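In what follows, a structure is listed as C-alpha cells, so that the remarks can point back to it.
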Amino acid sequence: MKNLTGNTLVIGAGGVSSAAVHKMAMNPQIFKKITLASRRKFKCEAIAEAVKKRTGVSIHTAEVDAMNVSAVVELIKGSGADLLVNLALPYQDLKLMDACLEAGIHYLDTANYEPEDEAKFEYHWQWAYQKRFAEAGLTAILGSGFDPGVTSVFATWLKKHKLDTISLIDVLDCNGGDNGKAFATNFNPEINIREVTADARHWENGDWVTSPAMTHKVAFDFPAVGTRNMYLMYHEELESLKTHFPEVKRARFWMTFGDAYINHVTVLQNIGMTSIEPVVHEGVEIVPLQFLKTVLPDPSDLGELTKGKTCIGDIATGQKDGKEHTFYIYNICDHEECYAEVGSQAVSYTTGVPAMIGAAQMITGTWLEPGVWNMEQLDPDGFMDMLNTQGLPWQVHELDGPVDF
Ligand code: NDP
C-alpha cells in the first residue's frame, strides 16, 4: 500500500484539535506539513502559536466554514493535503466527506455524523459513503478518538491476541478529574449534554434495550482513580461493536458522573435548557442547548484547572480454545501531565492523541484500504504500539470471571 505525503489538513480548532495538532507537530517525520483551519481563524492562530512555542514547528492556518463544500475543496487544493482530519463537530462530517471525495483526498474523524435537529448517534449516514470512497480509491476512518476509537481498537486487539470470540463487552469511561467549576463539561458542552440526556440503550441478545437516561447506576473501583458511580448510557461505538462482532450477546457503555454534575443536568433538563427545539426569545429564534453552550466554560480553557486521572477501557468476556476468559484493558491518563505536555486536559488529550495516531496509521500506509471503516475493522497492532509510545500506555489484566453488574 502506498504511503501518504504527510501533508495534513485539520478542520476545527477546539480542545481536541489543540491536543492532536500538538502531537502531530511532535511527530514531524510523519506529519510533514500541517494546515489548521476552522470557523474562526484566531482560534487556529492561538493553537499555532502554542505549538510553535512548545515544539518549534510552524503550522499554517486558515478560516473556513466546514459546511461550505466548495470552500473546503478550495482549501484542500490550496494546501496540497492528501488527508483531512475532521476535529470540528459531528454536524460537519458529511459535508467534509463530500469535500474529500470532490478533492480526491482521505478522511478521518472522531465522532459520528449527527443532524443538528435530532440527537441520533447513528452510523448509517456515514456507512452509506462506503461505495463512493471505495470506488474513488480513498479511505475514510470513522471515530478515531478514545471512545469511540481506542476502546474499539482494544476490543479488536483482545479478539486478535487473547480471545477467539467476544460474548460480553462493557466500555467503562471514568473521568476522575476535578476542574473546580460548579458545572463544566470536559468536551463540547452541546454534544456532551445531547449524549447524557439521551435514553440509555445497550445491546442484548440481538436487540436494543432502552431505559431512561441516567437511571442505571453502578459503583465501580477504577484503577488509579478509586470508586466512582458510573451510569449506563448509549454511545455510538455500541452500534459498530455489535455490527463488527456479530457474536456479541451483550454490549454496554458506562460513564462516570459526580452527584453535582447529575444534579445540574437534571435541573437544566427540567427547566428546558437542554432542549434542541428552537424557541423564540425576544423576537429572535434560539436553541436553548446552544445558548447554554455559550454561557458554560469552554472545555479548551479547563486544562490548567483540571487535576486527577481518567481511566477508560473495556471489560470483555469470551472464549479461547473452548475456555471462558475475562480481560480488563485500559489506559490511565493524568490531567496535569497532559497539560504540562500539550496544554490540554486529559479528555482533549485522550481524544486528540488517538486522532493523531489514526492519521499516522493512514499516512504510513497501514490503514489505507479504500472504503469507509470503523476502528474495529482495522488491524490494531500498529495503533496499539503507538498508544504506548505517544502518551497513552495501556494495560491488560485477566479477571476472575465476567462482571456481575
Ligand atoms: P470544540 O467545540 O472545542 O471544538 C470544535 C471546533 O470546531 C471549534 O473550533 C469550532 O469553531 C469548529 N467548528 C464548528 N463548526 C464549524 C464549522 N461549521 N466550520 C469550521 N469549524 C467549525 O469541540 P471538542 O474539541 O471538544 O470536540 C471536537 C470533536 O471531538 C467533536 O466532534 C466531539 O464530538 C469529538 N469528541 C470525540 C471523543 C471521542 O473519544 N471519540 C471525545 C470527545 C470529543 P469555533 O472555535 O469557531 O467555535
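These numbers come from a predicted model, not from an experiment. We count ligands from 1, going down the list as the structure has it; atoms in each ligand are counted the same way.
- An N or O contact shorter than 3.5 Å is missing between Ile11 and ligand 1 by distance.
- For ligand 1, the polar-atom distance check finds an N/O of Phe146 within less than 3.5 Å of one of the ligand's N/O atoms.
- Atom 12 (C) of ligand 1 has its nearest heavy-atom neighbour, among Gly14, Ser38, Gly15, in Ser38.
- Residue-ligand proximity, Gln92 to ligand 1, at heavy-atom distances under 4.0 Å covers atoms 14 (C), 15 (N), 16 (C), 17 (C), 18 (N).
- Only side-chain heavy atoms of Lys43 come within less than 4.0 Å of ligand 1; its backbone N, CA, C and O stay farther off.
- For the pair Lys293 and ligand 1, the shortest N or O to N or O distance does not fall below 3.5 Å.
- Note: an N/O pair closer than 3.5 Å links Asn188 and ligand 1 by distance alone.
- The option from Thr110, Val16, Ile47 that lies nearest to atom 35 (C) of ligand 1, judged by heavy atoms, is Thr110.
- Look at Asp334 and Lys307 and you find no salt bridge, because none of the NZ, NE, NH1 or NH2 atoms lies under 4.0 Å from a carboxylate O.
- In terms of polar-atom proximity, Asp298 is not counted as a contact of ligand 1, lacking any N or O under 3.5 Å from an N or O of the ligand.
- Heavy atoms from both the backbone and the side chain of Ala66 come within less than 4.0 Å of ligand 1.
- Look at Pro299 and you'll find every heavy atom at least 4.0 Å from all atoms of ligand 1.
- Applying the side-chain hydrogen bond (donor to acceptor under 3.5 Å, both in side chains) criterion to Glu122, with sequence neighbours excluded, gives His124.
- Heavy-atom separations between Gly143 and ligand 1 are all 4.0 Å or longer.
- Side-chain contact of Ser79 with Thr35: a donor-acceptor pair under 3.5 Å is absent, judged by distance alone.
- Residue contact check for ligand 1: Ser300 places no non-hydrogen atom closer than 4.0 Å to it.
- Considering backbone and side-chain N/O atoms, Leu89 never comes within less than 3.5 Å of an N/O atom of ligand 1.
- The heavy atom nearest to atom 32 (O) of ligand 1, out of those in Pro354, Ser18, Ala88, is found in Ala88.
- Classification of Lys53 and Glu49 as a salt-bridged pair fails, no side-chain N sitting under 4.0 Å from a carboxylate O.
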Pair Leu94-Tyr129, side chain to side chain contact (heavy atoms under 4.5 Å, CB included): steps then yes or no: CA-CA 9 Å; Leu94 301 186; Tyr129 280 69; 3.7 Å; yes

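- Tyr91 and Glu190 form a side-chain donor-acceptor contact under 3.5 Å, judged by distance and modelled atom types alone.
- Around atom 9 (O) of ligand 1, the closest heavy atom drawn from Ala37, Ser348, Ala13, Ala355 belongs to Ala13.
- In terms of polar-atom proximity, defined here as any N/O pair under 3.5 Å, Ile191 makes no such contact with ligand 1.
- Under the 3.5 Å distance criterion, with hydrogens and angles disregarded, no donor-acceptor pair is assigned to the side chains of Thr274 and Gln269.
- Ile76 and Ile105 get closest at one heavy-atom pair: CG2-CD1, 3.6 Å.
- Nearest approach of Arg54 to Ala340, heavy atoms of both residues: NE-O, 4.1 Å.
- The distance criterion of under 3.5 Å between nitrogen or oxygen atoms is not met by Val347 with respect to ligand 1.
- Salt bridge present: Arg252 and Asp170 bring a charged side-chain N and a carboxylate O closer than 4.0 Å.
- Counting only N and O atoms by type, the side chains of Glu337 and Tyr349 include no donor and acceptor under 3.5 Å apart.
- Taking distance alone, with nitrogen or oxygen atoms compared against 3.5 Å, Pro148 approaches ligand 1 more closely than that limit.
- We find that Asp98 and Arg132 are joined by a salt bridge, their nearest charged nitrogen and carboxylate oxygen being less than 4.0 Å apart.
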